[in-house]
Amino acid sequence: MDVERVRPPRARSRGSAQFEKGGRPGSLAIILGGAVLGWVLPNLEAHLPSTGLGFDVSTAQAALGAIAAAMITLAGFVLTAVTLVIQTIQAMSPRLVGALHYFGRFLTVFALLVGTALYALVALSQVGSDETPRLAVTFAVALVLFDAIVVLGMLASLRSVVTGGGLSRAVGDRLHHVVDAVYPTPREPAALPRSDSRAVDRPPVDVHFRGRPGTVRSLDEKELVRLAAHAGCTIEMTVTVGDFVGTEARVARILVPRGGDVPQDLPSLVSGAVRCGPTRTFEQDPAYGVRLLADIAIRALSPAVNDPTTAVQALDQIEDALLKLSGRALGTFGLVDDAGAIRVRCPAPSWRDLVALGLDEILLYGAANPQVARRVRALAERTAAHAPEVRRPPLLERLVVLDRLTRRAAPDPHFQALAGVADPQGLGGPTGGGVLPSGPA
């Protein structure tokens, strides 16, 4: 397994692990915190000087009761609105809600409203006939103001993400950061390791997955390198992030140098470093972002939707991603230990794989639409002009495929001529010929 780049292992992101839990621990903490605070603050206030808004007993009880009722009603409204929004997003792609972490945010807002209601109810139970917990009531009013700001912010953001263009921009923003994190260096030949002996005197030891079947979300790179360095061997991963692994599926091979041996527990430890879950995530997986953008585009091109403008907006983000990726080191990579020796080899998508992922299905379903054909042509020409020469062939091949599909799908000469022009807007933009450099690629 030849590598195109080598790098040290990276630690797994804590934020991604929290997102995988869907925001549930934090949401539960907010709800319980509201109940506890509703009990503690009024009792603590009894030992402090009276401060806060000038409520008497009856108005304090009325205010807390109204706040509790209003927050419960608003929580129900938010839950209904979020359900409708999630259905709309899933119509674009069933994977978008989990990938963009919207569900975790919705849970947090819902928990904040329920926590405020619990705070008001518990604080209401502490209001006596002889003393008013003014600070507790004032804090409840402040929570209402804070909740209103959060809900308004959520509604304002939802207005943009329920559209195809808004979802494409959200995926593109995430993808922009993931590309920089996963492929931080420009494309260059892989540095030769100090030692990378692959001479073996025994067959490789297969590592079979021991966990629950699922999709590979990430690899614990630091743990894999540590295990390989400690055993004096090399680990070749046979799965990559995004692959589905079933029970006892092979996920790696352990290569042992001459005279070495494999510790008995090493296969199970290597299997434990493969993190799986029900769905893919963005962590370590820029190809997933390209997959989502292609999903949005081809869903918009279905006869039931027939929205080529949304497909063009998704192609805008695909072009940006391919432009960034065109200058990065892609393909299989090696993870090195502190001594500079390659200890782990991991497969990863090549440039040709990513171009196919971003364009082929859109070409198949959108070649008959002039707007999509013109936008794909502009994407391929712009990216080919920007990419290193060795990476131009896949893009030029797509231009040939586009011409062939367009002639077959739109036999009328008018539409063939229309589709034969590159337009970054699809239809309506200025067109002035191609942007490819002159001469052979």
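Side-chain atoms are counted along with the backbone in the values below, which use heavy atoms only and exclude waters and symmetry mates.
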Taking all non-hydrogen atoms of both residues, which atom of [X] and which atom of [Y] are closest, and how far apart?
X: K324; Y: V179; answer: CE-CG1, 4.1 Å
X: T215; Y: P278; answer: OG1-O, 4.0 Å
X: A297; Y: I362; answer: CB-CD1, 3.6 Å
X: L330; Y: P349; answer: CB-O, 3.9 Å
X: E223; Y: A273; answer: CG-CB, 4.3 Å
X: I67; Y: V144; answer: CG2-CG2, 3.6 Å

Looking only at atom types and distance, does a side-chain atom of [X] sit under 3.5 Å from a main-chain N or O of [Y], one as donor and one as acceptor?
X: R398; Y: P394; answer: yes
X: R275; Y: G272; answer: yes
X: R10; Y: A181; answer: yes
X: Q284; Y: R217; answer: no
X: R174; Y: G289; answer: no
X: T234; Y: R343; answer: no
X: R377; Y: A419; answer: yes
X: R250; Y: V207; answer: no
X: T238; Y: A252; answer: yes
X: Q313; Y: G165; answer: yes

Within the supplied structure, the quantity of interest is the number of heavy atoms (other residues, nucleotides, ligands) at a distance under 6.0 Å from [X] [atom1]; does it exceed 12?
X: H208; atom1: NE2; answer: yes
X: Y183; atom1: OH; answer: yes
X: F77; atom1: CZ; answer: no

Does this structure show an ion pair linking [X] with [Y], if we count only N-O contacts that are shorter than 4.0 Å?
X: R169; Y: D316; answer: no
X: R291; Y: E361; answer: yes
X: R382; Y: D320; answer: no

Any cation-pi pair here, R7 with F333, using under 6.0 Å and within 45°? yes

Does the plane of the ring in Y119 sit parallel, tilted or perpendicular to the ring in F139? Use 30° and 60° as the thresholds. perpendicular

Please report the interatomic distance [atom1]([X]) to [atom2]([Y]), rounded to the nearest 0.5 Å.
X: L379; Y: L395; atom1: CG; atom2: CG; answer: 7.5 Å
X: I235; Y: L255; atom1: CD1; atom2: CG; answer: 9.5 Å
X: L224; Y: R345; atom1: CG; atom2: CZ; answer: 13.5 Å
X: I296; Y: L315; atom1: CD1; atom2: CG; answer: 11.0 Å
X: S168; Y: L175; atom1: OG; atom2: CG; answer: 11.5 Å
X: T383; Y: H386; atom1: OG1; atom2: NE2; answer: 8.5 Å

Could you tell me whether the side chain of [Y] reaches within less than 4.5 Å of the side chain of [X], counting heavy atoms only?
X: E248; Y: R210; result: yes
X: V400; Y: R404; result: yes
X: E236; Y: P204; result: no
X: L335; Y: V6; result: no
X: Q317; Y: H176; result: no
X: F106; Y: V109; result: no
X: L427; Y: L418; result: yes
X: V239; Y: F209; result: no

Using the rule given for side chain to side chain contact (heavy atoms under 4.5 Å, CB included), can you reason through L219 versus C346, listing the C-alpha separation, both sets of side-chain angles and the distance that settles it, and then say yes or no? CA-CA 9 Å; L219 303 176; C346 303; 4.1 Å; yes

Walk me through whether D265 and S268 qualify under side-chain hydrogen bond (donor to acceptor under 3.5 Å, both in side chains). CA-CA 6 Å; D265 61 345; S268 62; 5.9 Å; no

Might you work through the side chain to side chain contact (heavy atoms under 4.5 Å, CB included) test for M237 and V344, ending with a clear yes or no? CA-CA 7 Å; M237 304 303 302; V344 182; 4.1 Å; yes

Any chance you could lay out the side chain to side chain contact (heavy atoms under 4.5 Å, CB included) test for V150 and M154, step after step, and finish with the verdict? CA-CA 6 Å; V150 171; M154 184 198 73; 5.5 Å; no

Evaluate R280 against D285 for salt bridge (charged side-chain N to carboxylate O under 4.0 Å, His left out), listing each step before the verdict. CA-CA 8 Å; R280 291 172 72 173; D285 192 9; 2.8 Å; yes

Might you work through the side chain to side chain contact (heavy atoms under 4.5 Å, CB included) test for Y288 and L357, ending with a clear yes or no? CA-CA 10 Å; Y288 189 40; L357 178 61; over 6 Å; no

Is there a salt bridge (charged side-chain N to carboxylate O under 4.0 Å, His left out) between R352 and E397 once you walk through the steps? CA-CA 11 Å; R352 185 172 290 273; E397 291 168 9; 2.9 Å; yes

